[in-house]
Amino acid sequence: MQRHVTPEEVAEALNITVDEVFQTVQEHFASNVLSMDEQLQDDESDNKSFSIRDDSIKTPEQEAMHAELIQDLSESILKLNDKEQLVLSLFYTEEMTLTEIGEMLELSTSRISQIHSKALFKLRNLLRDEMRNL
């Protein structure tokens with residue numbers, strides 16, 4: 001045989017007062033819960049619906065634009081010289097520091113920094129030119 005839990009048991013389990021249990025139950029019953037997908041009927045106007053946009057989810061248009069930008073960036077990276085491509089790859093993909101890259105390529109950290117900066121400058125210009133051609 002099943003039984004219902006008492007307010008005292010709920011209060012003890014949640015470490016709150018019995019009054020807080022009753023207040024929470026009252027608030028639950030008094031609240032007006034609507035489905036986000038439900039259309040409201042209003043005698044004075046047409047059907048209205050409410051929606052909440054999830055900004056963390058991209059629209060199909062945003063997905064297409066993002067894919068196109070990635071494609072443009074990939075093509076622009078291929079226009080860089082081999083050393084610039086390698087430095088960018090090690091820095092952004094392998095997450096190596098400029099000092100680590102310098103040690104690996106037997107170049108100074110300042111030289112790697114120059115190569116990195118020059119590559120970014122070239123990419124900005126290539127992508128800016130690409131955007132102007134659209």
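Using modelled atom types, one finds a donor on one side chain and an acceptor on the other under 3.5 Å when comparing Glu9 with Thr6. Side chain to side chain, Thr17 and Glu20 meet the donor-acceptor criterion of an N or O pair below 3.5 Å. Side-chain atoms of Ser110 and Ser108 include a donor-acceptor pair closer than 3.5 Å.
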Check the pair Phe91, Met96 against side-chain contact (heavy atoms from CB on, under 4.5 Å), reporting the backbone distance first and the verdict last. CA-CA 5 Å; Phe91 188 78; Met96 293 175 69; over 6 Å; no

Which is it for Leu88 and Thr93 under the side-chain contact (heavy atoms from CB on, under 4.5 Å) test, yes or no, and what are the steps along the way? CA-CA 8 Å; Leu88 290 181; Thr93 306; over 6 Å; no

side-chain contact (heavy atoms from CB on, under 4.5 Å) between Glu68 and Asp72, intermediate numbers included: CA-CA 6 Å; Glu68 190 173 327; Asp72 289 345; 4.2 Å; yes

After noting the C-alpha distance and the side-chain angles of Leu107 and Ile115, does the key distance pass the side-chain contact (heavy atoms from CB on, under 4.5 Å) rule? CA-CA 11 Å; Leu107 296 170; Ile115 294 168; 4.2 Å; yes

Give the C-alpha distance, both sets of side-chain angles, the deciding distance and a yes or no for salt bridge (Lys or Arg N to Asp or Glu O under 4.0 Å) between Glu84 and Lys79. CA-CA 10 Å; Glu84 292 166 337; Lys79 295 176 183 175; over 6 Å; no

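Annotation: side chain of Glu100 is not in contact with side chain of Leu90 (no heavy-atom distance under 4.5 Å).
By the 6.0 Å contact criterion, NZ on Lys122 is enclosed, its count of non-hydrogen atoms from other residues, nucleotides or ligands being greater than 12. Environment of CD in Glu8: crowded, with over 12 heavy atoms of neighbouring residues, nucleotides or ligands closer than 6.0 Å. Within 6.0 Å of the CD atom in Glu12, the count of heavy atoms belonging to other residues, nucleotides or ligands does not exceed 12. Environment of CD in Gln62: crowded, with over 12 heavy atoms of neighbouring residues, nucleotides or ligands closer than 6.0 Å.
Taking hydrophobic clusters as Ile, Leu, Val, Met, Phe, Trp and Tyr residues chained together by side-chain heavy-atom distances below 4.5 Å, Met104 shares a cluster with Ile101. Under a hydrophobic clustering in which Ile, Leu, Val, Met, Phe, Trp and Tyr are joined whenever their side-chain heavy atoms come within less than 4.5 Å, directly or via other members, Leu120 and Leu73 fall into the same cluster. When the side chains of ILVMFWY residues are joined at heavy-atom separations under 4.5 Å, either directly or via intervening members, Val87 and Leu78 end up in two distinct hydrophobic clusters.
Taking CD1 of Ile77 as the start and CG of Leu126 as the end, the distance is 10.0 Å to the nearest 0.5 Å. Taken from OG in Ser89 to CG in Leu80, the straight-line distance is 12.0 Å, to the nearest 0.5 Å. To the nearest 0.5 Å, the span separating CG on Leu86 from CG on Leu105 amounts to 5.0 Å. One finds the CD atom of Gln71 at 12.5 Å from the NE2 atom of His66 (value rounded to the nearest 0.5 Å). Note that CD of Glu103 is 7.0 Å distant from OG1 of Thr97, once rounded to the nearest 0.5 Å.
Distance alone, capped at 3.5 Å, places no donor-acceptor pair between the Glu95 side chain and the Tyr92 backbone. With hydrogens and angles disregarded, no donor-acceptor distance shorter than 3.5 Å links the side chain of Ser113 to the backbone of Thr109.
Of all non-hydrogen atoms in Leu127 and Ser76, the two that sit nearest each other are CD2-OG, 3.6 Å.
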